[in-house]
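Below you'll find the structure, written out as structure tokens, and then a few comments.
In what follows, every chain begins at residue 1, and chains take the letters A, B, ... in the order their sequences are listed.
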Protein chains: 2
Amino acid sequence: MKNRIKELRAKKDLTQDQLAEQLGVSRQTIISLERERYNPSIILAFKLAHIFNCKIEDIFIYEEEKDEK
Amino acid sequence: MKNRIKELRAKKDLTQDQLAEQLGVSRQTIISLERERYNPSIILAFKLAHIFNCKIEDIFIYEEEKDEK
DNA sequence: GCTAAATGTAAAGCTTACTTTACTCTATTC
DNA sequence: GAATAGAGTAAAGTAAGCTTTACATTTAGC
């Protein structure tokens with residue numbers, strides 16, 4: 001699953017540290033998400049959508065084919 | 001986090017078993033989600049939205065206040 | 001009231017999301 | 001050029017999502 005976190009974070013001029021704090025997660029989590037090492041929980045996805053003022057679907061791009069978990 | 005899975009599943013006239021199979025998860029997972037014992041992964045949320053032909057936000061209701069994980 | 005289908009519970013085990021710590025690398029800036 | 005900020009890696013540990021199995025309860029039709 002792809003995401004636009006890095007791009008959207010840059011647009012809001014936030015450091016990874018600042019975004020992490022706003023979300024209540026560690027900086028490692030932000031790094032891992034931006035690097036697409038794993039997918040966020042749905043709760044984190046909702047929080048991100050709230051901060052970036054958009055829909056979850058605007059941040060995360062899910063491709064049908066690949067049966068990810 | 002609240003969800004409308006049971007309601008939407010009923011609307012499509014699917015059993016828990018059938019929905020589970022369509023999603024590629026176990027029946028236990030469906031039961032646990034409907035009973036709101038835990039939240040789905042974002043992948044599962046996307047799959048549910050696809051099956052129910054709606055947005056993730058139409059299925060799952062996230063309340064700000066409660067700092068869930 | 002039996003039967004069978006659908007729903008539910010419980011518990012043990014695996015996988016993945018997330019944390020914590022410690023250390024590296026690159027750019028500024030003073 | 002030393003110091004600081006921002007981004008990155010690695011690895012070990014905890015927490016939460018999901019599976020599997022086995023058994024209980026509810027509901028509907030006969």
Side-chain angles (χ1 to χ4, degrees):
Chain A
M1 172 130 76
K2 299 197 168 163
N3 75 68
R4 297 174 50 218
I5 298 179
K6 187 168 193 164
E7 173 193 344
L8 293 168
R9 174 172 66 79
K11 211 179 264 182
K12 292 208 76 173
D13 214 20
L14 291 170
T15 66
Q16 294 178 332
D17 237 343
Q18 293 170 328
L19 179 58
E21 199 178 4
Q22 284 197 35
L23 290 166
V25 297
S26 70
R27 186 171 63 91
Q28 259 318 305
T29 295
I30 303 301
I31 292 175
S32 296
L33 288 178
E34 290 190 355
R35 303 250 124 196
E36 294 172 354
R37 289 203 212 286
Y38 53 66
N39 299 314
S41 66
I42 194 176
I43 296 285
L44 235 195
F46 265 107
K47 288 184 180 171
L48 279 161
H50 183 245
I51 288 182
F52 291 143
N53 198 36
C54 63
K55 298 265 180 191
I56 289 177
E57 287 87 350
D58 297 327
I59 308 178
F60 299 93
I61 296 92
Y62 174 62
E63 298 102 339
E64 297 292 327
E65 315 83 38
K66 301 170 184 172
D67 46 28
E68 309 176 72
K69 284 184 181 177
Chain B
M1 174 132 73
K2 299 196 169 165
N3 73 67
R4 299 173 51 218
I5 298 179
K6 187 167 192 163
E7 174 194 344
L8 294 168
R9 175 172 66 80
K11 211 179 264 183
K12 291 206 76 174
D13 213 20
L14 291 171
T15 67
Q16 293 178 335
D17 236 343
Q18 293 170 330
L19 179 57
E21 199 178 4
Q22 283 196 35
L23 290 166
V25 298
S26 70
R27 186 170 64 91
Q28 260 318 305
T29 296
I30 303 301
I31 291 176
S32 297
L33 288 178
E34 290 190 354
R35 303 250 123 196
E36 292 172 355
R37 289 202 211 286
Y38 54 65
N39 302 123
S41 67
I42 194 176
I43 296 284
L44 235 193
F46 264 106
K47 288 183 181 173
L48 279 161
H50 183 245
I51 287 182
F52 291 143
N53 198 34
C54 63
K55 298 266 180 192
I56 288 177
E57 287 86 351
D58 297 327
I59 307 177
F60 298 93
I61 296 92
Y62 174 62
E63 297 102 339
E64 298 291 328
E65 317 82 39
K66 301 171 184 171
D67 46 28
E68 308 176 72
K69 283 183 181 175

Rounded to whole Å, please give me the gap between [atom1] in [X] and [atom2] in [N].
{"X": "B/Q16", "N": "D/dT26", "atom1": "CD", "atom2": "P", "result": "15 Å"}
{"X": "B/L33", "N": "C/dG8", "atom1": "CG", "atom2": "P", "result": "12 Å"}
{"X": "B/L44", "N": "D/dT19", "atom1": "CG", "atom2": "C1'", "result": "13 Å"}
{"X": "B/I42", "N": "D/dC18", "atom1": "CD1", "atom2": "P", "result": "12 Å"}
{"X": "B/I5", "N": "D/dG17", "atom1": "CD1", "atom2": "C1'", "result": "13 Å"}
{"X": "A/D17", "N": "D/dG8", "atom1": "CG", "atom2": "P", "result": "12 Å"}
{"X": "A/L19", "N": "D/dG8", "atom1": "CG", "atom2": "P", "result": "13 Å"}
{"X": "A/N39", "N": "C/dT15", "atom1": "CG", "atom2": "C1'", "result": "13 Å"}

Hey, is the side chain of [X] poking within less than 4.0 Å of OP1 or OP2 on [N], counting only N and O atoms?
{"X": "B/T29", "N": "D/dT19", "value": "yes"}
{"X": "B/S41", "N": "D/dC18", "value": "yes"}
{"X": "A/R37", "N": "D/dT9", "value": "yes"}
{"X": "A/K6", "N": "D/dG8", "value": "yes"}

Contact check, side chains of B/K6 and B/R35, non-hydrogen atoms, under 4.5 Å: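 Contact flag for B/K6/B/R35 side chains = yes.
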Side chain to side chain contact (heavy atoms under 4.5 Å, CB included) assessment of B/C54 paired with B/I59: CA-CA 8 Å; B/C54 63; B/I59 307 177; 3.5 Å; yes
First of A/Q28 and B/R9 reached from the 5' end of DNA chain C, by closest nucleotide: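 The answer here is B/R9.
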Sugar-phosphate only, base, or nothing, as touched by B/T15 at under 4.0 Å among non-hydrogen atoms: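 Sugar-phosphate: the residue B/T15, judged by heavy atoms under 4.0 Å, touches backbone atoms but no base.
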B/F52/B/L19 under side chain to side chain contact (heavy atoms under 4.5 Å, CB included): CA gap, chis, key distance, verdict: CA-CA 10 Å; B/F52 291 143; B/L19 179 57; 4.2 Å; yes
Modelled atom types, side-chain donor and acceptor of B/T29 and B/S32, under 3.5 Å: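 Their side chains do not contain a donor-acceptor pair, so the 3.5 Å distance test is not met.
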Dot-bracket summary - DNA chain D, pairs being Watson-Crick or G-U whose distances fall under 3.5 Å, with | when paired to another strand: ||||||||||||||||||||||||||||||
Atom pair OH/NE2 of A/Y62 and B/H50 - distance to nearest 0.5 Å: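 Rounded to the nearest 0.5 Å, the OH-NE2 separation comes to 8.5 Å.
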Interatomic spacing from CG in B/L8 to NZ in B/K12 - rounded to 0.5 Å: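 Reported value, rounded in 0.5 Å steps: 10.0 Å.
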Shared hydrophobic cluster for A/L23 and B/I56 (ILVMFWY, side-chain gaps under 4.5 Å):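 Same cluster.
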Among C/dC18, D/dT9, C/dG8, the nucleotide that comes nearest once only the side chain of A/Y38 is considered: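 Nearest nucleotide to the side chain: C/dC18.
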Donor-acceptor pair under 3.5 Å, B/R27 side chain vs C/dG8 base: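 Pair found.
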